[in-house]
Amino acid sequence: MRKKVCIIFGGESVEHEISIISANSILNNIDKRKYKVFGIFISKDGEFHEAVYKINKSLKYNFIIKKRNKILFSSNVNRNIVIMNKNEVQSKTKIDIFFPMVHGTGGEDGKIQGLLELLNKPYVGCDVGSSSMCMDKILTKETLSNKLIRTTGFIHFSRNEWKDNESAITKRIAKKIDFPCFVKASNLGSSVGVYKIRNKKELKDKVRAAFKFSERILVEEAVLNPEEIEVSVLEDKKIIASTPGRVFPSDDFYSYNAKYVDGKSTIEIPYKRAMNVPSLMRELELTSKKVFQILLCSGMARVDFLFGSTKRVKKPMLYLSEVNTIPGFTEISMFPKLLNNEGLKLKKIIDILIKSAEAKFKKRSKIITDYY
Ligand SMILES: Nc1ncnc2c1ncn2[C@@H]1O[C@H](COP(=O)(O)OP(=O)(O)O)[C@@H](O)[C@H]1O
Ligand SMILES: [Mg+2]
């Protein structure tokens, strides 16, 4: 019998539309002889709807949202999804494996993973703790720098700390971080709440702007004219790190506009500099795998780096930038493209992710939760 895989997509985040394209790309590439697909769409206002799929004229599958059909989750393991139509139960179904594909807030931060944990079913990707750690830029940087992974110098503070000590914090930033620097809301993605600060004068306004998105702010040293490098990490029986790729943002930095709006950013696979410098290639591979393990990731992650000099360190070096646990999964996204370059097609990647989720679930199920 085919296993029933449920792709969860959409969501309340700014990456809502990308998530729909990512979900359709999984739908089109999943091995339908092995897996039966079910969809749950999360609307921008947080409602869960049934998503069915249809094939169009160009033989592509597409999720269709059934706005009238709402989804309820049930702890009954044999009927864990209840489809409601106008307050009437329309049908019940059993999902074997969940595949969260909601990028950013609500999906990549451990919230959906927590829900699936309570349903006691396997799900693709990182667990609750790892997801929330990777989504939090401050926690990521603190954890990794404690393990001697090179990241740019940083400080962080809360809204109250800023209110009480604004001038002391500003002095510390000028002394320890210097300008240019980056101000970031601690727990967003897509470059929302990320600002490049050129001098002390710009700092106050941008800190204020970042506080609109988050209770905590990270300020970090800038890598000057950085080369932006990405590595896909996939957990099969062992952890695989792809050959790196490079992004050429169309803006001064890889802003929201450069990522999603103007369509002018380009990529380079493989990353040429690393192809010519074996030590850099090795550093990228080893660091990506190490970071995946330190942050307790499962299944997949895209590990991002910046290569270049800083005001303090003139010699160009590799700096760990961030880890994305539900990276873009469209057919032109970096995550699958880098793995394609390793000879792994999307169909195979999806299969590996599902198998890896099942293996993790089996292991977790053996952990004792009773103690007399
Ligand atoms: N320390 C830095 N030095 C230079 N550029 C940076 C630095 N931090 C962030 N950036 C730029 O800002 C972009 C977004 O920052 P990032 O931390 O990756 O946030 P997000 O999670 O929103 O993608 C990066 O892709 C890069 O272009
Ligand atoms: Mg980023």
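The chain is numbered in sequence order, starting from 1. All heavy atoms count here, side chains included; hydrogens, waters and symmetry mates do not. Counting starts at 1 for both ligands and their atoms, following the listed order. Note that this is a predicted model, so its numbers are computed, not measured.
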Quick one, Glu358 with Lys362, criterion salt bridge (charged side-chain N to carboxylate O under 4.0 Å, His left out). Give me CA distance, side-chain angles, the key distance, then yes/no. CA-CA 6 Å; Glu358 288 181 306; Lys362 235 186 204 165; over 6 Å; no
Between Phe73 and Phe48, is the ring centre distance below 6.0 Å? yes
Consider ligand 1: state whether an atom of it lies below 4.0 angstrom from any non-hydrogen atom of Lys196. no
Tell me whether ligand 1 is touched by Pro249 - counting only heavy atoms on the residue side and a distance under 4.0 Å. no
Closest approach of Asn78 and Lys94, non-hydrogen atoms and distance? O-CB, 3.2 Å
Do you know the tightest heavy-atom contact between Ile177 and Ile155? CD1-N, 4.0 Å
I need the contact type for [X] against ligand 1. Using non-hydrogen atoms and a strict under-4.0 Å cut-off, is it side chain, backbone, both or neither?
X	value
Glu15	neither
Glu228	side chain
Phe182	side chain

Quick one about Tyr260 and Glu15 (side-chain donor to acceptor, distance below 3.5 Å, no hydrogens or angles considered), yes or no? yes
Starting from [atom], which protein heavy atom do you reach first, and at what distance in Å?
atom	value
atom 19 (O) of ligand 1	Lys137 NZ, 3.2 Å
atom 23 (O) of ligand 1	Lys259 NZ, 2.7 Å
atom 9 (C) of ligand 1	Lys184 NZ, 3.2 Å
atom 18 (O) of ligand 1	Glu322 OE2, 2.8 Å
atom 22 (O) of ligand 1	Ser191 N, 2.4 Å
atom 12 (O) of ligand 1	Phe253 CD1, 3.1 Å

Within the structure, does Asn324 bring an N/O atom to less than 3.5 angstrom of an N/O atom in ligand 1? no
When rounded to the nearest 0.5 Å, the distance separating CG of Leu346 from NZ of Lys337 is 11.0 Å
Which of the numbered atoms in ligand 1 are below 4.0 angstrom from a heavy atom of [X]?
X	value
Glu221	1 (N), 2 (C)
Leu188	21 (O)
Tyr254	13 (C), 25 (O), 27 (O)

Could you pull out the atom name of the N/O/S atom in Glu322 that is nearest the Mg ion (ligand 2)? OE2
Stepwise side-chain contact (heavy atoms from CB on, under 4.5 Å) test for Asn187 and Asp109: CA-CA 8 Å; Asn187 57 356; Asp109 53 8; over 6 Å; no
Measure the acute angle between the ring planes of Phe154 and His156, then classify it against the limits of 30° and 60° as parallel, tilted or perpendicular. parallel
For the side-chain contact (heavy atoms from CB on, under 4.5 Å) test, which of Leu115, Ile7, Leu116 pairs with Pro100? Leu116
To which of Leu306, Asn187, Val223 does the heavy atom nearest atom 7 (C) of ligand 1 belong? Leu306
Between Tyr254 and Val247, is the side-chain contact (heavy atoms from CB on, under 4.5 Å) condition met? List the steps. CA-CA 9 Å; Tyr254 204 16; Val247 179; 3.4 Å; yes
Just checking, Lys32 and Tyr61: is the charged tip under 6.0 Å from the six-membered ring centre and within 45° of the axis? yes
